Structure formats: structure tokens, C-alpha cells
Protein chains: 2
Amino acid sequence: MSRRTGVPTLEDVARAAGVSRATASRVVNGDERVQDATREAVLAAIRELGYSPNLAARSLVTRRTDTIAVVVPESDERVFNDPFFAGTLRGVTKALALTELQMVLLIGSPGDGDGRLDRYIRGRHTDGAIIVSHHANDNLWRSVAEVSLPTVFLGRPFAEHPGLTFVDVDNVAAAALATGYLVDSGRKRIGTVAGPADMSAGADRLQGWHNVLTEHGLPADAVERGDFTVAGGGDAMTRLLARHPDLDAVFVASDLMASGAMDAIRASGRAIPTDIAVVGMDNLELATRTQPPLTTVVNPVDEMATQAVAMLLAQLEGGPILEPVTMPTELVVRESA
Amino acid sequence: MSRRTGVPTLEDVARAAGVSRATASRVVNGDERVQDATREAVLAAIRELGYSPNLAARSLVTRRTDTIAVVVPESDERVFNDPFFAGTLRGVTKALALTELQMVLLIGSPGDGDGRLDRYIRGRHTDGAIIVSHHANDNLWRSVAEVSLPTVFLGRPFAEHPGLTFVDVDNVAAAALATGYLVDSGRKRIGTVAGPADMSAGADRLQGWHNVLTEHGLPADAVERGDFTVAGGGDAMTRLLARHPDLDAVFVASDLMASGAMDAIRASGRAIPTDIAVVGMDNLELATRTQPPLTTVVNPVDEMATQAVAMLLAQLEGGPILEPVTMPTELVVRESA
DNA sequence: CTGAAAGCGCTAACAT
DNA sequence: ATGTTAGCGCTTTCAG
């Protein structure tokens, strides 16, 4: 016995079962061509010794790590305060639980730019990646392309690029749906609290709002940007009201921002929806608990995550890069509009 | 050139720099005793080739994985809906960002009991573990002990065991603080919505509530259990009111449950705090947004997480297992009590 | 169906 | 200061 550490190796298992390492390995990996009796012996040895494969050794030879990275180029603050990310992570976790893959969560720390994430990707330390909240100036898309790491974006990456695939909702259509509802209910002066200009969700939702207003010959000049946080939404709404006191409705590009915006509206002495109607987007649980409950557009994060994982798995199994997928969206009418 | 894959190895770097693999390795690992000129050459080769160490190969020889597991034996649903876990993960992420360690998130999936988590721990696939929400019938504590995996519990594990360390708040004291406040403000008939009996936080908070009431000669019989969710808190409160319609106050063992409990109280036609005073625990952001804002006891998850990571790092660096740490707590008075 | 042997990429003695 | 060498534990040809 040359076991210095307490951790049994495949060699130990093989010896205990009276077979070669190769056969033991076959049993561990479910290879069919092992005699039943032999298999039993090995299995018994494994149980007895409490053997568990050394993943590093395995991955050194298989050239797979059996992990996938979930990359979120946002601060830990954002990620863990925004239910949108929670939903995304929940979806990914759930989908991954059915596989042998382990999830490695990579969150952008404000400290070092995106250098850490980039290095991790370029190092090919995982078999694939799901990249969640992509900004225009992230070069993550370039990195995954250069090292050809199987990747699916959750939310359309700002820079489209052949070979990059993603799953998203049609954010232009979603915003149009929300804005159209406001128009149809007779609102004439409709502003928007938009998302960041460097994210496709920010840009597209603004576009959808703009399209509908111009189609109807209504002014599309009341725009302020928020950063997808409650506070950011509140600040943006305050600025919006200062510049356009005649607003009678607003489309806010996320429920979290809408929550802040509603506080700002109330603080200005206006009533919701009587003075100002509010429509959000995401349909977080939060939307049912605002005062009044928030009319919003569904952002099916769970389904999107599941879809993204499925597309990634297909690639990992050697399939082609699948076409981008767009998920359907719907309006949920509550009391804020 | 024998490079079949596109991924450069240390060997490639060494060759390009005209040195041996050993020297290249020294540069990569920041070994001092390398001539500046040599170092420069190696660094240049690394940049040129876009070299990144193969972690599997490294960990095979160093016997370290440079990862730590964050184990949460709860369903993904719970984990990603409960801001308590979000706070914990935020704290751990933040603390880990300052190190070279990568976090592996292990979440209990309802499917396979805790077998998956257990196997992962016993396989020693990480250098250490932080175990977050521990239940009485989890045998995780036994597993980490048996394979002597450096571990810190976040929240006192139900089974105390020499060699197990943890960081927690004094939940008995916290509950006593909340209940004492209710007593001091003249309430006479104080119930509680307690947490699960199989978790130390559930048991201890119930104990603290019980202690104060008996000390003051008040009845301590109005108890219903919830599962630390909004819905669970609501249901428990409904049962509590049915059995004890004379209640004039309630200590609810978590803010999430308190939120549900407040809905149930209102639904019963009672006013908060006039008819029933409510005190929660955790001091989530949510507590500021309930109607009325919730009086609660601070659960300093961020600091606890930081502390837990620090204690784990100390162990990983070869230090002794540190004594359990108890964090201080305080009452935040808002309008619900 | 099973075993022998090669080697994945790296670090860490041990030489020099 | 640098090179040589011996594995780390595993999978995978290749023989038999």
C-alpha cells in the first residue's frame, strides 16, 4: 500500500477488486463490455473504499472539464439584488441539474474590469459558457469566438456576429406591446424610462416605445435612462417629470426601475394610474406587490434559461451552432395602467 | 510542433522562449529566482501564444483545486427566491473575489435527496466548503468530518460536533430582543410564527421568544411553524389567528414570512400595529417596503459571509480550525410594532 | 472481455 | 538561475 493520503485512487479500487486499472475505469464509466461478475467486484470495492474519481486527472485526459460557466458581467451587488438574475440562475440551475455538468458562476467584480472573466474564458477552463447580461463594450463575445468556446448568450449580445447564438425575447415587440396598450387606453403624452444604451435590452425597448409613438403621431421625446435598478428608475423618473410635467403615462423598461419610478411619481404628488399610467417589464413577483400592482410585460427568464442550456448542450454534444431563438411575450394587466 | 489542438501548453511557451518547462513554470507561478531577462522572454511568449495554464494538470500535481464549494441544501426555488440566500451569496462572492479561489455553487435538487451534494463533498472535489442552510437530517456535517474537508458552516449546524466550526448570530438573543420589545411596548398576548424545527435558526428563535414570555409570566402557547417562505408565513399566521383570536402581537422568525403574515393579518380584518404588532427578523430590503414598514432584527448576512470565508481561508492556509463566531444583532424599529 | 502501457500538462524535488 | 526527471490519477489505444 503506497497510499499516503486518505483518498483512494482507481489503482486502489482495481487492486481491491483483483482487476486491472483499465477494467476498473471501464466500470466507473459504464462501459458495457465488462463481465457482470467483474463489474460487481469492482462496484463492491468502490463502495468499500468510498472511491470517487479524481476529476482533475480525468479531465486532463478527456480534455473535458464537465463544467460550464455562467458569466454575468455585472457587479455582485446587481446580480444578487435583481430578481431578474435570480430567475436566470434558477433556470440555469434547474436545467443543469438534469445533466452531469457543474455550473461555475462568474460574476464581474468592479475591481478588475472584465479581465478576470475574459481570462477565464480564454483559458478554456470550462466546456462551454452562458453569458447573461452583455454590454456593448464587453469583449466577451470576441473572446469566446477566438477560442471557439461553445457559448450561448442569454439576451442578444450587443454586437451581432455570425457564429454567436442567443436566446432572447423580442424586446422591440415587448415594448411596443406595452406602449400600444397605453395608447389604446387613451394616453397622449407617453414617456419612457429606458435601460442602459449599451445593452440590447435597453436599446430595443426604447426602439419599440419610439416606433409605436411615431406610428400614432405622438411625441417621442420624453426619455430618461436608468440602470435597471430601483434607485436608478426613481432618479430617471424624477428627471422625466421635471422636464415633462405634462406626462400622462410612462413605459418603464424593467419592473425594478418601475418600482422606483412609482415611488418618484407618488413623491411628486401624482396618482397612479389616474394622473400617470405605468407599465413595466419583466413580470417579477415584485410587480404583484407594488402599490398599485404593476401592469407589465412578461420576460420568461426561466424558459429562456432552459432553452439556452438546451442549445449549449446540443453544441457540447458536437451539434452545429443553433439559430438564435426568440421567446414569445405577453402583457399582464394589473392596476397601474 | 506537435500541437494538434489550438491550446498552447507550457511546453510551447518554454520552446518559444528558449527555456526549459521548469523555468517557464516558475515564471507562471511567480517564483523569484528567475533572471529578469529570462522572465521577460517567457512573459512575451505567454502573451504571444495566449497561454493559460491547464488547471486540471496543475491541480493533479498540487493536489489543490483552487475552488471552494458553497453548499445550499435547499431547492433552487428557495435559494433564488429568498433574499437571505442572495445576501449570503453576495457576501461570499465579494469575499472570494479578493482571492484566487473560484466558487462552485452546489444547490440541493429535490430529485435526488442530498446524495449529489454528499457525493461532491466526499469526492473532495473542492479545497473547502461553506455550508449555508443546514437541516437536522442532512448528513453533510458527517461527510465533511469523515473526509476532513475544511468547512465553515454559515448558521450553526443542527448537530454540534467538535471540529465543526460556524458563524452565526445569536438567534436566541435576537428573538428575545424582538419579543422583549413587544413586551415592553405593553403587548400581553404574543404569538410567534416560528421557522422549521429541523433548523437551528428555527429552534433558537422559538426558544428566545419562549424564554422572554415565561420570564414575564406571559403565556407562550401561540406557536405555528412556517417554512421561511412568504406563503408559509401567511398560512402559519392564518392558523395562528384561528386558534388564538386574542393575539395582540406576533414575532415572525423571518421577514419573508412576516410579509406573508402581514397579508394574512390584514385579510382577517385586523390592523397593524393597532390590533396586532408584528416584528420580523433579517432586515431584508423588503422590510422597508411592507405596509406598514416592518420592525425587525438585523441578520448581518454580508458580514457573516465575509467572516465565514475568512475562517475558511485561514484553515486552507494550514491554520487550526477557528472557534465558532457569533455576530451581534440589533433591533430596527419601523412602524409595524 | 481484460490487461499493459502510453501519455494528458503540470509542478516539485533534485541536480547542476 | 536553470535544466532534468519523476510522477500526480486517469482514460484509451492496442494486444491478446
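Small disclaimer: the values here were computed from a predicted structure and weren't measured. Naming: A, B, ... by sequence-line order, numbering from 1 per chain.
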Looking only at atom types and distance, does a side-chain atom of [X] sit under 3.5 Å from a main-chain N or O of [Y], one as donor and one as acceptor?
X: A:D127; Y: A:I68; result: no
X: B:D168; Y: B:R156; result: yes
X: B:R124; Y: B:V147; result: yes
X: B:D82; Y: B:F84; result: yes

Passing candidate, side-chain contact (heavy atoms from CB on, under 4.5 Å) with A:N139, options A:D118, A:V144, A:L117:
A:D118
Pick base, sugar-phosphate or nothing for A:S59, based on heavy-atom distances below 4.0 Å to the nucleic acid.
nothing
Can you check the [X] [atom1] to [N] [atom2] distance for me, whole Å?
X: B:D66; N: C:dC10; atom1: CG; atom2: P; value: 14 Å
X: B:D12; N: C:dG9; atom1: CG; atom2: P; value: 9 Å
X: A:L60; N: C:dT11; atom1: CG; atom2: C1'; value: 13 Å
X: B:E32; N: D:dA1; atom1: CD; atom2: C1'; value: 13 Å
X: A:R63; N: C:dG7; atom1: CZ; atom2: C1'; value: 10 Å
X: B:Q35; N: D:dT2; atom1: CD; atom2: C1'; value: 9 Å

Could you run through nucleotides 10-16 of chain D and give me one letter per nucleotide, 5' to 3': B if any protein heavy atom sits under 4.0 Å from the base, S if only the sugar-phosphate is that close, - if neither?
BBBB---
Residues pairing under salt bridge (Lys or Arg N to Asp or Glu O under 4.0 Å) where one sits in residues 88-99 of chain A, two or more places apart or in two chains, turn out to be A:R90-A:D302, A:K94-A:D302, A:K94-B:E77
